[in-house]
Amino acid sequence: MSDPNAPMYYKGIYHIFYQYNPKGAVWGNIVWAHAVSKDLISWKILKKPAIFPSKSFDKYGTWSGSGTIGPDNKPIIFYTGVIDTKQTQVQAYAVPKDLSDPYLSTWVRPERGNPIAMVSDDLGVNKTAYRDPSTAWLGRDGQWRMLVGSRWNKKGFAVLYRSKDFKKWVQAKRFFHFNSKLGMFECPDFYPVSISHKNGLDNSVTNQPVKYVFKVSLDLERYDYYTLGSYNLRKDIYVPDKSSIEGFKALRYDYGNFYASKSFFDPSKNRRIVWGWANESDSSADDVSKGWSGIYAIPRKVWLDMPSGKQLMQWPVEELETLRGRKVEMSYQHVNKGEHIEIKGVTAAQADVEVKFSFSSLEKADKFDPKWDKWDAEGLCKHLGINNHGGIGPFGLLTLASSKLEEFTPVFFRIFKTHGNKHKVLMCSDARSSSLRQGDELYKPAFGGFVNVDMINNEISLRSLIDNSMIESFGAGGRTCIVSRVYPTLAVKRNAHLYVFNYGSEPLIIKSLNAWSMKAAKPMM
Ligand code: DQQ
């Protein structure tokens, strides 16, 4: 499986569709597989794919798209159809056959009205780079709008379409947003976030103060980047805030393995949820022998950080906590330099760990070396690793560790001093020591992101969700998130261990630690 498609909530049921190869464990023969759930935890995979290549407008591919709860509160899907062997792409729609079927298990793609959009000669984009329609939103003028991602050479575009009746879609003259250097805009997502509360908002909301998020999956780097900005209604364009950097240095939902994400508004709990795809980091041959590849990160609630308004915050949906089993607790435990303390009593291969770290003082924090400015966070994580011991840190968790530490994936922070008594916080999830397997078989990156946080009370929190080959970490309450995929050979199942470590000279205080063994989710019956 690859991209999540059209996540939505309709009459008590969550739907997730996904790019899926029914014939093999690597990308190809893509259909829209479909799963349903009542709680985002227990899922039922429906037997029949919802959409599969068969129509004149999608014979050669049914690629990514989005869901909208459209006019009369009816769900509708927009997706990309590939119409020939040259990979020409068009946008099409699908609707549920029977709205009284609770799982909406059959979707129809009427000949009438399909495709809804094709590359026109004046558009100036590449026909083979024209895809991934977004969720639609209703403007104040009563017209619906949606976006299609595209490219021309190095220029990336979000093409805007408008419709008065949700049937006939007209391409707007102006691009909704573009950037001349970023290449293909895959899977664009555009939505409002409240500037006064953490609740999510429907894409069409107009009656409250909001900021807008514009997310693109940049094919050149294969990461999901977003900016925060405003929606210029007069010109019908998106304008990123001056303070919101765009491009390959932009903010990311996740500084690890997380791509082609999609968000949706969940009216049952008034929240916005983001789904992202974590691809494998092993080889295609491994995938073929496993018989599968690709998983989704735990769905995350997403909201705007306040009062800064400068970034998003993310947190695993609360329903995940229903899988928590046996709990282990610690508080006010000191970890001196060079020590690691084992968290015993949890199933370390499947665990949810929440830790609050603190220090008596941050005096010993090393100065942030101006030479390091040439690196991004990932480069710095790689450069410093955990063996380069500092004043404050590295400290954090050693996840999926073997008993003699032949294998482990450290998730950790390092804290530096910058100007005027401020601190710079680096968060890393370093897969380089995750597996004894060597060579090109595994991609073992040291992922990293900076955490824009004031070290109030000299404290910082970390939550890691560990699940065999997946480590999802949330720094400082969801300010910086990193997914790593790892393939240990020894630290497997019962032989996996979990430690807290401190390699900085200032003693670390585990102010509180709660770790739970996680139960496997049961399929929905
Ligand atoms: N995957 C889909 C495309 C999309 C890409 C095809 C992103 O629609 O652009 O499987 O991973």
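Both counts, for ligands and for their atoms, begin at 1 and track the order of listing. In this text, all values refer to a predicted model and were calculated from it rather than measured experimentally.
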Salt bridge (charged side-chain N to carboxylate O under 4.0 Å, His left out) partner of Glu319, the single match among Lys301, Arg271, Arg300: Arg271
Which pairs of nitrogen or oxygen atoms, taken one from ligand 1 and one from the protein, are under 3.5 angstrom apart?
{"residue": "ligand 1", "atom": "1 (N)", "partner": "Asp3", "partner atom": "OD1", "Å": "3.4"}
{"residue": "ligand 1", "atom": "1 (N)", "partner": "Asp3", "partner atom": "OD2", "Å": "2.8"}
{"residue": "ligand 1", "atom": "8 (O)", "partner": "Ser64", "partner atom": "N", "Å": "3.2"}
{"residue": "ligand 1", "atom": "8 (O)", "partner": "Asp132", "partner atom": "OD1", "Å": "2.5"}
{"residue": "ligand 1", "atom": "9 (O)", "partner": "Arg131", "partner atom": "NE", "Å": "2.8"}
{"residue": "ligand 1", "atom": "9 (O)", "partner": "Asp132", "partner atom": "OD1", "Å": "3.4"}
{"residue": "ligand 1", "atom": "9 (O)", "partner": "Asp132", "partner atom": "OD2", "Å": "2.6"}
{"residue": "ligand 1", "atom": "9 (O)", "partner": "Glu186", "partner atom": "OE2", "Å": "3.0"}
{"residue": "ligand 1", "atom": "10 (O)", "partner": "Gln19", "partner atom": "OE1", "Å": "2.6"}
{"residue": "ligand 1", "atom": "10 (O)", "partner": "Trp27", "partner atom": "NE1", "Å": "3.0"}
{"residue": "ligand 1", "atom": "11 (O)", "partner": "Asp3", "partner atom": "OD1", "Å": "2.9"}
{"residue": "ligand 1", "atom": "11 (O)", "partner": "Asp3", "partner atom": "OD2", "Å": "3.2"}

What salt bridge (Lys or Arg N to Asp or Glu O under 4.0 Å) pairs are there with at least one residue in residues 160-183, not counting sequence neighbours? Arg162-Asp236
Using the ring centroid of each side chain, check whether Tyr212 and Phe190 are separated by less than 6.0 Å. yes
Got a sec, which residues hit ring-ring contact (aromatic ring centres under 6.0 Å, His included) with Phe258, two or more places apart in sequence or on another chain? none
Test item: side-chain donor near acceptor, Lys48 and Thr106, under 3.5 Å: yes
Inter- and intrachain pairs under salt bridge (Lys or Arg N to Asp or Glu O under 4.0 Å), touching residues 239-252, at least two apart: Lys211-Asp241
